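Numbers here simply count residues along the sequence, with the first being 1. Here the structure is a predicted model, which means the values were calculated and not measured.
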Amino acid sequence: MAELTKDNLDEYFAQAEEYLWPSGKDNRRTPWKDIATRAKCSPIWPWIPGASGLDALKTEALKQGRWRLGEDGYIEKGPFPKDKATVNVSVVTVKPDTGETVLALTPRHAGDSPIVYWSTKPDVSDKDHKVEDLDNFSTTEGTLYFWVKDTTGQHESAAATRWLADLKIRHQVEPAADKRRVTLAVTPRADLFYTLDGSNPKDGTRYEGPFEIGSASCRLLVFARAGEATKTADFQIPASGDKTVQIVDVKPAHLQGRRVSLDTTDRVFGVINRFRDQPGTRFKGVRIEIGEGEHTVTVRFQEREVTAAMIEGVVNSLREVLNEPEALVNIAITEGIQFDTGFALKEFAKIVGIELKPREVSQEE
């Protein structure tokens with residue numbers, strides 16, 4: 001049996017597409033299980049890589065984009081229609097003092113001189129605002145649409161890409177005579193609605209400015225809306241004089257509004273070991289640093305949520321690639337952490353050595 005090598009991949013791709021796909025130019029999609037069955041039954045295929053070789057061939061074809069595997073188990077062979085011009089949107093930073101979000105816009109399949117237009121409405125065209133700096137686009141909007149034009153005319157434009165801001169709701173409680181004053185804030189700017197009796201905040205009181213509450217503990221629910229971007233926050237406000245954090249062990253919990261630093265390798269792996277098998281614990285705004293000084297390697301996940309298992313995989317892979325199995329590891333988490341339970345949040349706080357504050361913890365039903 002012939003051996004599958006990089007030099008003969010194209011030959012095997014072509015043979016598989018000829019002998020293992022159903023005949024007819026329109027039969028480009030077929031169940032992968034049918035491909036495997038045909039490979040076993042074909043009198044021709046055994047002369048080239050068999051079952052394991054077929055799997056290896058599929059892996060390589062998918063990596064190269066020659067074939068595409070759908071979620072329905074069907075595999076499709078190319079050539080595929082030319083990709084349309086689109087844009088990838090990622091968050092560079094958020095400026096809490098101004099409410100601005102700085103975005104990086106990366107056009108794809110758009111030639112060497114693409115132009116990106118933006119609007120707060122879905123039907124963007126070249127009549128709308130042009131993005132002047134693709135690497136540093138600042139906005140205070142909560143919902144934006146970006147549309148790409150390939151000026152070379154080689155690619156059609158795809159539908160506009162929608163970007164939704166991750167609204168961050170904050171609250172502050174201050175004494176006011178014999179009562180207390182509650183101030184709400186949100187970035188980017190958004191309309192806020194709230195309730196104090198546990199009812200749905202979408203139907204609550206519109207926030208126009210600081211409001212007063214009594215001395216008893218209460219549950220503050222806040223709903224924020226900026227265009228199509230929405231967010232709900234649940235804050236437990238303790239009674240006057242009570243500095244403890246009210247955390248229900250069995251309810252999901254969200255740690256927000258503070259930067260968490262895992263500044264030693266011990267703390268990093270303490271968190272990894274505790275939450276490795278808990279995919280429901282998700283970290284957002286993660287920055288991983290491997291090594292020291294000018295040789296430090298940094299990986300940023302921006303707005304993407306990651307699990308402890310994913311963090312472990314990145315750390316181990318980088319150490320292996322750098323050939324530094326004991327390289328120091330530091331991790332910063334800037335955009336919050338979601339926990340399956342309040343108990344898990346309290347355990348995290350113990351491992352990291354932080355004191356939880358009421359305004360930093362919210363819990364949902």
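No donor-acceptor distance shorter than 3.5 angstrom exists from the side chain of Q236 to the backbone of S362, with no hydrogens or angles considered. Under the 3.5 Å distance criterion, the side-chain polar atoms of K231 are matched with a main-chain donor or acceptor of L167. Without hydrogens or angle criteria, R267 side chain to L262 main chain gives no donor-acceptor distance under 3.5 Å. Under the 3.5 Å distance criterion, the side-chain polar atoms of T151 are matched with a main-chain donor or acceptor of S113.
Expressed to the nearest 0.5 Å, how far NZ of K284 lies from NE2 of H254 amounts to 7.5 Å. One distance of note links NZ of K40 with CD1 of I35; it measures 13.0 Å at 0.5 Å rounding. Separation of atoms CZ (R225) and OG1 (T230) is listed at 9.0 Å; rounding is to 0.5 Å. Between R170 atom CZ and Q256 atom CD the span is 10.0 Å, to the nearest 0.5 Å. The line from CG of N27 to NZ of K77 is 8.0 Å long, rounded to the nearest 0.5 Å. Separation of atoms CD (E305) and CD1 (I337) is listed at 11.0 Å; rounding is to 0.5 Å.
The minimum heavy-atom distance linking A110 with P107 is given by the pair CB-CB, 4.1 Å. Closest approach of A229 to T143, counting heavy atoms only: N-OG1, 3.2 Å. Annotation for F193 and P201: closest pair CB-O, 3.1 Å, computed over non-hydrogen atoms. Minimum interatomic distance between T307 and P279 (heavy atoms only, all atoms of both residues): CG2-O, 3.7 Å. Taking every heavy atom of both residues into account, A224 and L192 meet most closely at CB-CD2, 3.5 Å. Pairing each heavy atom of R28 with each of W21, the nearest pair is O-NE1, 3.0 Å.
Atom CD of E292 is surrounded by 12 or fewer heavy atoms from other residues, nucleotides or ligands within 6.0 Å. Residue F343 places its CZ atom among 12 or fewer non-hydrogen atoms of other residues, nucleotides or ligands, all under 6.0 Å distant. Taking a 6.0 Å sphere around CD of E212, one finds it holds more than 12 heavy atoms contributed by other residues, nucleotides or ligands. Residue-environment remark: CG (D112) stays at or below the threshold of 12 foreign heavy atoms within 6.0 Å. No more than 12 heavy atoms of other residues, nucleotides or ligands sit less than 6.0 Å from atom CZ of R300.
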Which is it for T341 and V250 under the side-chain contact (heavy atoms from CB on, under 4.5 Å) test, yes or no, and what are the steps along the way?
CA-CA 5 Å; T341 64; V250 297; 5.8 Å; no
Start with the C-alpha gap between I115 and K130, add the side-chain angles, then the distance that decides, and say whether side-chain contact (heavy atoms from CB on, under 4.5 Å) holds.
CA-CA 7 Å; I115 300 177; K130 184 194 299 185; 3.6 Å; yes
Go through E60 and R66 one step at a time and tell me if the salt bridge (charged side-chain N to carboxylate O under 4.0 Å, His left out) criterion holds.
CA-CA 9 Å; E60 193 62 34; R66 179 156 180 157; over 6 Å; no
Yes or no on side-chain contact (heavy atoms from CB on, under 4.5 Å) for L220 and L196, after CA distance, side-chain angles and deciding distance?
CA-CA 5 Å; L220 170 64; L196 294 165; 3.7 Å; yes
Apply side-chain contact (heavy atoms from CB on, under 4.5 Å) to residues V186 and D191 and explain how you reach the verdict.
CA-CA 9 Å; V186 60; D191 294 324; over 6 Å; no
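Salt bridge status for R258 with E360: present, with a side-chain N to carboxylate O gap under 4.0 Å. Ion pairing between a basic and an acidic side chain is recognised when a charged N comes within 4.0 Å of a carboxylate O; D150 and K82 show no such pairing. Electrostatic pairing of R206 and E208 counts as a salt bridge here, judged by a charged N lying under 4.0 Å from a carboxylate O. A salt bridge is absent between K121 and D128: the closest approach of a Lys/Arg side-chain nitrogen to an acidic carboxylate oxygen does not fall below 4.0 angstrom.
Under a hydrophobic clustering in which Ile, Leu, Val, Met, Phe, Trp and Tyr are joined whenever their side-chain heavy atoms come within less than 4.5 Å, directly or via other members, L221 and I213 fall into different clusters. In the hydrophobic cluster analysis, where Ile, Leu, Val, Met, Phe, Trp and Tyr join through side-chain heavy atoms closer than 4.5 angstrom, F301 is grouped together with L255. With hydrophobic clusters built from ILVMFWY side chains whose heavy atoms lie under 4.5 angstrom apart, Y12 shares a cluster with L69. In the hydrophobic clustering of this structure, V297 groups with I272; members are Ile, Leu, Val, Met, Phe, Trp, Tyr whose side-chain heavy atoms approach within less than 4.5 Å, directly or through other members. With hydrophobic clusters built from ILVMFWY side chains whose heavy atoms lie under 4.5 angstrom apart, I247 shares a cluster with I351.
By the 30° and 60° cut-offs, the orientation of the rings of F283 relative to F339 is perpendicular.
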Expected list for residues 320-333: side-chain donor-acceptor pairs under 3.5 angstrom, two or more places apart:
none

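Sorted by first then second residue, the ring pair (Phe, Tyr, Trp, His ring centres under 6.0 Å) pairs that include residues 202-253, not counting sequence neighbours, are H171-F235, Y194-F211.
Summarising the hydrophobic clusters (Ile, Leu, Val, Met, Phe, Trp, Tyr; side-chain heavy atoms under 4.5 Å, direct or chained), the residues clustered with L134 are V87, V89, V91, V94, L103, L105, V116, W118, V131, F137, L144, F146, V148, W163.
Side chains of Q338 and P252 form a contact here, defined as non-hydrogen atoms less than 4.5 Å apart. Contact check for L356 versus F348: no side-chain heavy atoms found under the 4.5 Å cut-off.
Defined by atom type and a distance below 3.5 Å, a donor-acceptor pair is missing between the side-chain atoms of T264 and D266. A donor and an acceptor atom, one from each side chain of S240 and R180, are located under 3.5 Å apart.
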